[in-house]
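Structure record follows, encoded as structure tokens.
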Amino acid sequence: MKVPPTLSTVLSNLFKKPATNPFPNTEPVPTPEGFRGKLVYDVDKCVGCRLCVMVCPAGVIEYVPEVRKVTFWLGRCVFCQQCADVCPVNAIKMSDEFLLATYDKYDDNLRWFKEDEIAELKRKLEEQKKAKEAAKKEGSK
Ligand code: SF4
Ligand code: SF4
């Protein structure tokens, strides 16, 4: 009797190893080069030009005028990389991090440049301003 082609494929596959990746018992499948994962913001490099705010199609980025920096809430990010491409000083990069599930949409892991960091930078800028003014006064004496 002739074995039907489908049956012979099924039978031969029965003796092969499963072609699955049993994550989370193993490492996830490696990401390729140029993968667009969670973005990373380097606040020190940022010059506050606002180009990223203008190109973001999802309203993820907000400008903070007092400190001339931007904040990100990645809960809305669509990982298009336009912000990273437009940034003139490479302050934004896409990392290969993609395990971002959370119970809280305002999770700290989904935000860059948080309120306490903004307050700290504001305080530093105030101090610098005062120091400059004091130095000016000293100079004019
Ligand atoms: S990757 Fe795209 S959606 Fe995400 S913050 Fe950048 S521009 Fe906005
Ligand atoms: S484009 Fe770059 S330098 Fe300009 S505001 Fe955005 S992160 Fe800062």
Side-chain angles (χ1 to χ4, degrees), residues 2-141:
K2 202 175 162 219
V3 182
T6 322
L7 185 60
S8 66
T9 308
V10 169
L11 288 174
S12 71
N13 280 342
L14 273 179
F15 301 99
K16 284 185 186 163
K17 273 189 186 169
T20 49
N21 180 27
F23 180 78
N25 297 329
T26 59
E27 288 296 311
V29 175
T31 52
E33 202 180 315
F35 179 79
R36 302 199 302 254
K38 176 188 170 180
L39 64 82
V40 178
Y41 173 49
D42 187 336
V43 69
D44 294 328
K45 277 190 185 172
C46 177
V47 292
C49 68
R50 278 180 280 177
L51 285 175
C52 55
V53 183
M54 284 185 243
V55 297
C56 178
V60 171
I61 316 170
E62 203 177 312
Y63 182 58
V64 188
E66 306 97 297
V67 290
R68 293 193 190 149
K69 304 286 178 189
V70 288
T71 61
F72 296 79
W73 177 53
L74 303 180
R76 300 173 75 124
C77 181
V78 297
F79 305 94
C80 65
Q81 200 181 300
Q82 295 201 71
C83 54
D85 286 345
V86 83
C87 180
V89 291
N90 289 328
I92 309 171
K93 285 199 174 80
M94 307 298 286
S95 72
D96 56 8
E97 187 183 343
F98 63 91
L99 298 173
L100 303 173
T102 172
Y103 287 109
D104 174 10
K105 65 179 179 175
Y106 298 117
D107 192 317
D108 275 355
N109 191 33
L110 297 178
R111 293 158 70 209
W112 279 110
F113 209 39
K114 303 173 202 103
E115 289 85 351
D116 50 341
E117 293 164 323
I118 293 171
E120 176 66 14
L121 184 56
K122 266 190 202 167
R123 195 185 57 73
K124 272 188 192 161
L125 291 173
E126 276 298 316
E127 271 175 16
Q128 279 172 8
K129 206 175 151 190
K130 276 182 193 158
K132 259 188 198 170
E133 277 167 9
K136 245 189 201 172
K137 271 185 193 165
E138 278 294 312
S140 63
K141 270 181 194 171

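This is a predicted model, so every value here is computed, not measured. Just so you know, ligand 1 is whichever comes first in the structure, and atom 1 is the first atom listed for that ligand.
- Among all non-hydrogen protein atoms, the one lying nearest atom 8 (Fe) of ligand 2 is C46 SG, 2.3 Å.
- The protein atom (non-hydrogen) at minimum distance from atom 6 (Fe) of ligand 2 is C52 SG, 2.3 Å.
- Scanning all protein heavy atoms for the shortest distance to atom 3 (S) of ligand 1 gives V78 N, 3.4 Å.
- Contacts between K45 and ligand 2 below 4.0 angstrom, taking non-hydrogen atoms only, are absent altogether.
- Under a 4.0 angstrom heavy-atom cut-off, L39 registers as being in contact with ligand 1.
- Heavy-atom proximity to atom 1 (S) of ligand 2, evaluated over C83, G48, C49, is greatest for C49.
- Note: Y41 and F113 have perpendicular aromatic rings, judged against thresholds of 30 and 60 degrees for the angle between ring planes.
- Of all the heavy atoms in V67 and I118, the pair that sits closest is CG1-O, 4.1 Å.
- Taking 2.8 Å as the threshold, C56 counts as a candidate ligand of atom 8 (Fe) of ligand 1, since one of its N, O or S atoms lies below it.
- Residue-level proximity to ligand 1 for V60 is carried by the side chain, the only part with a heavy atom below 4.0 angstrom.
- At a heavy-atom cutoff of 4.0 Å, ligand 1 is contacted by the backbone of Q81 but not by its side chain.
- For the pair T102 (side chain) and D104 (backbone), a donor-acceptor distance under 3.5 Å is present.
- Nearest to atom 2 (Fe) of ligand 2 among the protein's heavy atoms is C87 SG, 2.3 Å.
- Here the closest heavy-atom approach between residue K38 and residue S95 is recorded as O-OG, 2.6 Å.
- For atom 5 (S) of ligand 2, the closest heavy atom belonging to the protein is R50 N, 3.2 Å.
- D96 places no side-chain N or O within donor-acceptor distance of the main-chain N or O of G37, the cut-off being under 3.5 Å.
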If you apply the rule salt bridge (Lys or Arg N to Asp or Glu O under 4.0 Å), what do you find for K137 with E133, and how did you get there? CA-CA 6 Å; K137 271 185 193 165; E133 277 167 9; over 6 Å; no
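- Ligand 2 has I92 within reach: a non-hydrogen atom of the residue lies less than 4.0 Å from it.
- Residue C77 does not count as close to atom 2 (Fe) of ligand 1, with no N, O or S atom under 2.8 Å.
- Here V47 has heavy atoms under 4.0 Å from ligand 2 in both its backbone and its side chain.
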